[in-house]
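Treat the numbers as computed from the prediction; the structure is a model and nothing was measured. Note that ligands are numbered from 1 as they come in the structure, with each ligand's atoms numbered from 1 the same way.
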Amino acid sequence: MAIADKTVLVTGANRGIGQALVADALRRGVKRVYAGTRQPLAHPDGRVTPLTLDLTNPAQIQAAAEQVEALDVLINNAGIWLYDDLSDRAMLEEHLAVNFYGTWGVTQAFLPLLTRSKGTIVNNVSLMALAALPLTPAYSISKAAAFSLTQSLRALLAVRGVRVHAVLTGPVDTDMTRGFDIPKASATSVARAILDGVEAGRRTSSPIPCPRPWPTAGAAARPRC
Ligand SMILES: NC(=O)c1ccc[n+]([C@@H]2O[C@H](COP(=O)([O-])OP(=O)(O)OC[C@H]3O[C@@H](n4cnc5c(N)ncnc54)[C@H](OP(=O)(O)O)[C@@H]3O)[C@@H](O)[C@H]2O)c1
């Protein structure tokens, strides 16, 4: 599916990968982008409609769904990543509330519109859904749950003509990973890879950072970063 002339909703649209997804959707000629944020957002492009959307607030999710008339692509992007050591149940619950139940709740609220359009759901999961990082185990657990949700929804929604796309992202240079001196992909390159994957109809995309220093294989072999 081409993003041009479509209607897209991005959660966590005010910074990081979400902000880059809004910019990339605009670049591809989207008709309208609903930018889901917790705080008020002003955007210079008239195609961007702000939507107040805290993933932990079911009433706000429902109110947001009632403001949207039509939707082709839902991008569940918002997420949290906090340090823990699995000793505190509240940390697990906080991660699950946003990364798992938030994704589930927004998906359920917008499913009637996506069914009508035979649209696409994109869940920005993480490579940590597959390989846990012991510094942030609650995050990994919540992302593993979100990935499992993604796989089940893909099977369950296929009969309605709704596609479900998983993004298994490696480290990205955003506020989330500030302070980590590791190779990271830019938010812009990840957003581009995600929407390329949606347009190509892929089930999964896995944007990962470019290796540094560059391999000697030559420019043609380099990934886009
Ligand atoms: N950065 C990475 O290395 C990386 C790697 C793999 C996957 N990811 C995933 O990519 C997604 C975006 O991450 P990012 O790197 O762009 O992070 P980020 O810069 O920290 O941005 C996180 C976004 O999520 C929003 N958010 C947090 N809690 C929310 C809630 N309860 N309701 C609604 N919005 C909420 C934030 O809004 P506020 O500004 O209001 O806090 C912000 O817009 C996340 O799901 C993350 O897990 C990131």
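In terms of N/O distances under 3.5 Å, ligand 1 is not approached by Thr177. Any N or O atom pair closer than 3.5 Å counts here, and Thr169 shares no such pair with ligand 1. Between Gln39 and ligand 1, a contact under 3.5 Å exists for no N or O pair. Not a single N or O atom of Gly18, backbone or side chain, sits closer than 3.5 Å to an N or O atom of ligand 1. Inclusion of Thr174 in the set of residues having an N or O under 3.5 Å from an N or O of ligand 1 is warranted. At least one N or O atom of Ile17, backbone or side chain, sits closer than 3.5 Å to an N or O atom of ligand 1. An N or O contact shorter than 3.5 Å is missing between Ile80 and ligand 1 by distance.
For atom 7 (C) of ligand 1, the nearest non-hydrogen atom from the set Val125, Val172, Val106 comes from Val125. For atom 44 (C) of ligand 1, the nearest non-hydrogen atom from the set Asn14, Asn77, Val98, Thr136 comes from Asn77. Compare Pro171, Gly170, Ser126 by their heavy atoms: the one nearest to atom 5 (C) of ligand 1 is in Gly170. Taking each of Asn124, Asn76, Val10 in turn, the one with a heavy atom nearest to atom 10 (O) of ligand 1 proves to be Asn124.
Ring geometry, Trp81 versus Phe180: the interplanar angle falls from 30° to 60°, so the pair is classed tilted. Between Tyr101 and Trp104, the ring planes lie perpendicular to each other; the angle is over 60°, past the 30° to 60° tilted range.
At the shortest separation from atom 17 (O) of ligand 1 among protein heavy atoms lies Met176 CE, 3.5 Å.
Those atoms of ligand 1 that come under 4.0 Å of a heavy atom in Leu55, given as number and element, are 30 (C), 31 (N), 32 (N), 33 (C). Each of the following atoms of ligand 1 lies closer than 4.0 Å to a heavy atom of Leu53: 32 (N), 33 (C). Using a 4.0 Å cut-off to heavy atoms of Gly79, the atoms of ligand 1 that qualify are 22 (C), 24 (O), 27 (C), 44 (C), 45 (O).
Hydrophobic clustering keeps Leu195 apart from Leu74 (ILVMFWY residues linked when any side-chain heavy atoms are closer than 4.5 Å, directly or through intermediates).
In this structure, Arg15 has a heavy atom closer than 4.0 Å to ligand 1. For Lys184, the heavy-atom gap to ligand 1 stays at 4.0 angstrom or more.
Heavy atoms of Met128 found under 4.0 angstrom from ligand 1: none, in either backbone or side chain. For Trp81, no heavy-atom contact with ligand 1 is shorter than 4.0 Å.
In this model, no donor atom of one side chain and acceptor atom of the other lie less than 3.5 Å apart for Thr37 and Asn14.
If you take CG on Leu153 and OG on Ser148, they are separated by 9.5 Å, rounding to the nearest 0.5 Å.
Each of Thr150, Thr107, Asn124 was scored for a side chain to side chain donor-acceptor pair (under 3.5 Å) with Asn76, with one residue passing: Thr107.
Between Asp24 and Arg28, at least one side-chain nitrogen of the basic residue sits less than 4.0 Å from a carboxylate oxygen of the acidic one, meeting the salt-bridge criterion.
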